[in-house]
Asks: 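Before we start, here is the structure in question, set down as structure tokens.
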Amino acid sequence: MVRIQEEGFDIQSEVKKIKPSDESDIGALVTFVGYVRDFKDNKSDTLSSMEIEFYPGMTEKALIEIEEKARRAWDVFDVNIIHRFGKLNLNDEIVLVAVTSAHRTEAFRACEFIIDFLKTDAPFWKKEIGLKSESWVDVNKKDYEKVNKWY
Amino acid sequence: MVRIQEEGFDIQSEVKKIKPSDESDIGALVTFVGYVRDFKDNKSDTLSSMEIEFYPGMTEKALIEIEEKARRAWDVFDVNIIHRFGKLNLNDEIVLVAVTSAHRTEAFRACEFIIDFLKTDAPFWKKEIGLKSESWVDVNKKDYEKVNKWY
Amino acid sequence: MIKVLFFAKLREELRINELDIEYKAEVASIRDLISYLRQEYQQIDNVKNIKAAVNQELVLDWDLSLNDGDEVAFFPPITGG
Amino acid sequence: MIKVLFFAKLREELRINELDIEYKAEVASIRDLISYLRQEYQQIDNVKNIKAAVNQELVLDWDLSLNDGDEVAFFPPITGG
């Protein structure tokens, strides 16, 4: 299940969608949430907000493909991926990846796999807006190293 | 932060305790929830409830120690561990491990480390109550293999 | 006709998000298309490591031929999540 | 005095959760203590792989000496989480 939306989300409600109370084969849920955080390197400015852009049509397809890859790799029960777009404030949640499974190890692997691939394969772009300046976020080479480790 | 309680928990509220909206150094949250699931092997019976027993005093200490180990191993911002005891029903949540960090990889590692060690080092015992019979859960050898991989 | 889309920093540099280009020999591949665009939009070179997608699929081989009716997108490296 | 606690299946088999035993030579180590308990509670052997904790710390060396006032717990392998 994949959603791109402007609004925030409530983790508990999103979890209920993939762990309904009558699905008694599910033993494990692993959830990742990414937040808008303050600048790491630029100590002379403070982040005030973030603008997130995406490619309507392609981004949804990319997310669905990542979910399918994860389902092929691990015995997962259900997946819930939400990514926000538009203007987000400092401390807002950006992304949710929630995975249910019979066993915890598969849920951990699938959840981390999805967020790792989302970072390199799903067309989203972030612009950080500080009090003094704004700039598009630079690509993080570590994200590509992480994705390569899955192969 | 460690709690042993009879009541259930709301993931969103528990997350807020370790990701307050003014902690803008946090970029990642990873959450694990374990649920009461139906029998895997025993196809001739259906699980109706579970009884969880613990060792007051020792169990809290064990959980605190696991949290401290995780904090020494990874650069983690905060940790929230809840384990329920008493009578739980099928599909009830048993345990929560939530970890916040600047970066996702550390949050994933620390969360999985904590639940892996909780399974072998925190004195809890589960009794599965089926419609026809009841029995104490057998130890899962895989849990010990997983813990050994961390060393 | 080829529909060309620009995103993020590239969209801002070029001050355009969408463009329709007549399908012709000069835009027969992604590489050709970007050379063609560069004539009018030199600012393309202000963005490093441009990525391309054809019909919403990332394309690594820029010599891939384009077909009439294709949707081609150019954008900087992905930074979501 | 040594305070002895039993948990889970062991508690059920022995039908007791807590016991105070006078501190004496026969219970000078964990191994001694369990032999001493076995005289009255043969059902101890119905539980496999019994674990012991002294003063709420897991103890793998059952030859560890006990001291007067110690709290000793016996229980089956942990199955929480």
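Proteins come first, then strands; the chains are lettered A, B, ... in the order of their sequence lines, and each starts at number 1. The basis for the numbers below is simple: all heavy atoms, side chains too, and nothing from hydrogens, waters or symmetry mates.
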Asks: Any ion pair linking E14(B) and R3(B) (charged N to carboxylate O, less than 4.0 Å)?
Replies: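 The answer is yes: the pair qualifies as a salt bridge.
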Asks: So what's closer than 4.5 Å to chain D heavy atoms on I94(B): side chain, backbone, both or neither?
Replies: side chain
Asks: Side chains of E13(D) and N46(D) only: does a donor on one sit below 3.5 Å from an acceptor on the other?
Replies: yes
Asks: At a 4.5 Å cut-off on heavy atoms, which part of K119(B) comes close to chain D: side chain, backbone, both, or neither?
Replies: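 Its backbone and side chain both get close to chain D.
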Asks: Among V139(B), I115(B), N140(B), single out the residue with the greatest number of heavy-atom pairs under 4.5 Å to chain D.
Replies: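 Of the candidates given, the most pairs with chain D belong to V139(B).
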Asks: Of the backbone (N, CA, C, O) and the side chain (C-beta and beyond), which part of D121(B) lies under 4.5 Å from a heavy atom of chain D, both, or neither?
Replies: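 D121(B) touches chain D through backbone heavy atoms alone.
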Asks: Under a 4.5 Å heavy-atom cut-off, does chain D meet the side chain of K126(B), its backbone, both or neither?
Replies: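 Both backbone and side chain of K126(B) come within 4.5 Å of chain D.
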Asks: Applying the side-chain contact (heavy atoms from CB on, under 4.5 Å) test to L19(D), which of L37(D), L14(D), L5(D) qualifies?
Replies: L37(D)
Asks: Kindly assign one of parallel, tilted or perpendicular to the pair F75(D) and Y55(B), based on the angle between their ring planes and the thresholds 30° and 60°.
Replies: perpendicular
Asks: Please work out whether the ring planes of F113(B) and W74(B) are parallel, tilted or perpendicular, with thresholds of 30° and 60°.
Replies: perpendicular
Asks: With only heavy atoms counted, which part of F85(B) is less than 4.5 Å from chain D, the side chain, the backbone, both or neither?
Replies: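 F85(B) has no heavy atom closer than 4.5 Å to chain D.
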Asks: If you measure only the distance, is there a donor-acceptor pair under 3.5 Å linking the side chains of Y36(D) and K24(D)?
Replies: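 The criterion, which ignores hydrogens and geometry beyond distance, is satisfied for K24(D) and Y36(D).
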Asks: Between N49(D) and chain B, with a heavy-atom cut-off of 4.5 Å, which part of the residue counts as in contact: side chain, backbone, both or neither?
Replies: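 Neither part.
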